[in-house]
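Only one structure is covered here, and it is reproduced in the block below.
Start at 1 and go down the list; that is how both ligands and their atoms are numbered.
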Amino acid sequence: MEKIRVELTKQPKQKPDITKTAFGTEFSDHMFVMDYSPEQGWYDPRIVPFAPITLSPASTVFHYGVEIFEGMKAYRRADGGIQLFRPDQNISRFNSSADRMCMPLVDEEFLLSAIKQLVSLDRDWVPNAPDSSLYIRPFMFATEPVISVHAHGRCKLMVITSPVACYYPTGLNPTKILIETDDVRAVKGGTGYVKCGGNYAAANRAGAKAEAMGYSQVLWLDGVERKYIEEVGSMNVMFKINGKIVTPKLTGSVLPGITLKSCIELMHHYNIPVEERLISVDELIEACRNGSLEEAWGTGTAAVVSPIGELCYNGEKFVVNGGKIGAFTQQLYDKLTGIQWGKCEDPFGWTVRID
Ligand SMILES: *Cc1c(COP(=O)(O)O)cnc(C)c1O
């Protein structure tokens, strides 16, 4: 792969007050870009000032939604250093998404080095307020300027970064979740296991309905029987039922979250059993009714661990753990964020320092 060309901004931006900034609204000074054509492969990797781009209106992405993305973070350590959390996992999932969408694969080591170089250049954009971070968004889309469904070819890969505050400025507040019984997010054989924009477009209607009813996210059921629990909004989901930790099995329609995987590996490390299996909504509701559902939480890069305080199913409401964060959820949050921000030891080799 060629050396990355660097063009520095001539107008560095003012850094925002991170505590007053909504998630994903501010961007750092630079971005990484590279292009792909079937003839040349990946070419012209470059770090350039963050700016709008020009595309043909015929570009495949606008018509057929050929787009994938990733979400990861750079964290400011107490000693002032910067680190990434399991970036290899994000990049290999990026390639798995590319493969599903018939898009070109990337050299994983090269993309990691490009991300490190970008973050290192914009290192002053990694905030140091408690629990804040620099959100990193790699994405790729099809740019072939032909409106034929068969047009494959040109693609553009970009990485932009956005300083984000603590997800919970007022503490870990449990969310209210609506169990969605009409719309589905994904089916086996579809694209549920990859991060593509289309999955989100299809999920918006259910999300908007839940929001209008005062819920923050939906809990998705499987697309065939509307029987098994899959995920919550754009997070994976875990439950503590009768003292046991359970999470839906990754059946192909569930996104294989890196936060989920890390939670499971943490629990294995501490000899806490975790069951990865099919969980029916009937089992969950029965556990709500008989009081054996002790805790419930979502997992994802943005919020890390997000406690669930209420579930609504077919109009009936169930409060989880008195609407408060459970002790296990809190421990999990503390342990994982401790490793991510370099406050506790990382016995797993998950963190990657940027110098
Ligand atoms: C990204 C994502 C997750 C969480 O994955 P992480 O790797 O933990 O951030 C869960 N579900 C969906 C649908 C997602 O897009």
Side-chain angles (χ1 to χ4, degrees), residues 23-24 65 67-75 84-98 100-101 108 112 115 133-140 161-162 164 167 175 177 180 183-188 190-207 210 216-223 228-239 247-267 274 276 296-308 329 332-333 335-337 339-340 348 350-352:
F23 188 93
E67 191 268 355
I68 61 166
F69 66 95
E70 266 305 323
M72 56 205 278
K73 285 173 171 174
Y75 306 83
L84 303 174
F85 181 74
R86 311 192 81 175
D88 54 310
Q89 299 283 319
N90 291 93
I91 294 170
S92 94
R93 188 170 65 190
F94 193 65
N95 263 346
S96 146
S97 301
R100 176 65 182 83
M101 308 296 274
E108 298 186 11
L112 177 57
I115 289 169
S133 56
L134 185 69
Y135 187 84
I136 304 168
R137 165 56 53 87
F139 58 113
M140 191 206 294
T161 73
S162 172
V164 296
Y167 211 78
T175 54
I177 303 294
E180 173 61 44
D183 288 0
V184 296
R185 193 189 81 90
V187 291
K188 251 173 245 164
T191 55
Y193 70 96
V194 303
K195 277 184 111 72
C196 64
N199 287 345
Y200 280 71
N204 279 343
R205 183 171 73 175
S216 63
Q217 301 259 24
V218 300
L219 187 89
W220 296 108
L221 301 180
D222 77 274
Y228 297 105
I229 289 166
E230 302 226 307
E231 313 194 35
V232 45
S234 54
M235 290 185 285
N236 294 107
V237 67
M238 305 186 95
F239 304 101
T247 187
K249 199 167 142 184
L250 301 176
T251 50
S253 44
V254 176
L255 194 288
I258 294 156
T259 317
L260 175 75
K261 183 176 179 176
S262 305
C263 287
I264 292 171
E265 289 173 18
L266 260 178
M267 290 178 209
V274 194
E276 294 172 70
W297 62 93
T299 67
T301 295
V304 195
V305 167
S306 174
I308 295 171
T329 311
L332 198 57
Y333 178 84
K335 194 75 217 164
L336 203 54
T337 54
I339 294 174
Q340 289 171 330
F348 308 98
W350 285 343
T351 49
V352 175

Fill in: Atoms of ligand 1 close to Arg185 [distance to a heavy atom under 4.0 angstrom, numbered from 1]
13 (C)
Practice prompt. Say whether, by atom type as modelled, one donor and one acceptor occur between the side chain of Asn199 and the main chain of Thr191 under 3.5 angstrom.
Written response: yes
Discussion item. So is Met72 touching ligand 1 or not, going by heavy atoms under 4.0 Å?
Written reply: no
Worksheet item: Are a donor atom and an acceptor atom from the side chains of Gln89 and Lys261 found within less than 3.5 Å of each other?
Response: yes
Worksheet item: Which one holds for Asn90 and ligand 1: side chain close, backbone close, both close, or neither close, with close meaning a heavy atom under 4.0 Å?
Response: neither
Worksheet item: Any donor and acceptor pair, going by atom type alone, linking the side chain of Glu180 with main-chain N or O of Val218 inside 3.5 Å?
Response: no
Practice prompt. Give the single entry among Glu231, Lys261, Gln89 that approaches atom 11 (N) of ligand 1 most closely by any heavy atom.
Written response: Glu231
Worksheet item: Heavy-atom distance under 4.5 Å between the side chains of Phe85 and Thr301, does that happen here?
Response: no
Worksheet item: Would you find a donor on one side and an acceptor on the other, under 3.5 Å apart, between the side chain of Arg185 and the backbone of Ser234?
Response: no
Worksheet item: For ligand 1, is there an atom lying under 4.0 Å from some heavy atom of Glu70?
Response: no
Discussion item. Could you check whether any side-chain N or O of Arg137 sits under 3.5 Å from a backbone N or O of Ser162, counting only pairs where one atom can act as donor and the other as acceptor?
Written reply: no
Worksheet item: To which protein heavy atom is atom 8 (O) of ligand 1 closest, and what is the distance rounded to 0.1 Å?
Response: Thr259 OG1, 2.6 Å
Item to complete: Check each heavy atom of Thr301 against ligand 1 and say whether those closer than 4.0 Å belong to the side chain, the backbone, both or neither.
Response: both
Discussion item. For atom 3 (C) of ligand 1, tell me which residue out of Gly257, Gly71, Ser234 has the closest non-hydrogen atom.
Written reply: Ser234
Worksheet item: Is Lys195 close to ligand 1, meaning an N/O of one under 3.5 Å from an N/O of the other?
Response: yes
Worksheet item: Would one find an N or O of Tyr200, backbone or side chain, under 3.5 Å from an N or O of ligand 1?
Response: yes
Discussion item. Can you confirm whether Ile229 sits close enough to Phe239 that some side-chain heavy atom of one is under 4.5 Å from a side-chain heavy atom of the other?
Written reply: yes
Discussion item. When you compare the side chains of Gln217 and Thr175, does any donor N or O come within less than 3.5 Å of an acceptor on the partner?
Written reply: no
Discussion item. Suppose I only count heavy atoms of Ile258 and a 4.0 Å limit; which atoms of ligand 1 are within that range?
Written reply: 6 (P), 7 (O), 8 (O)
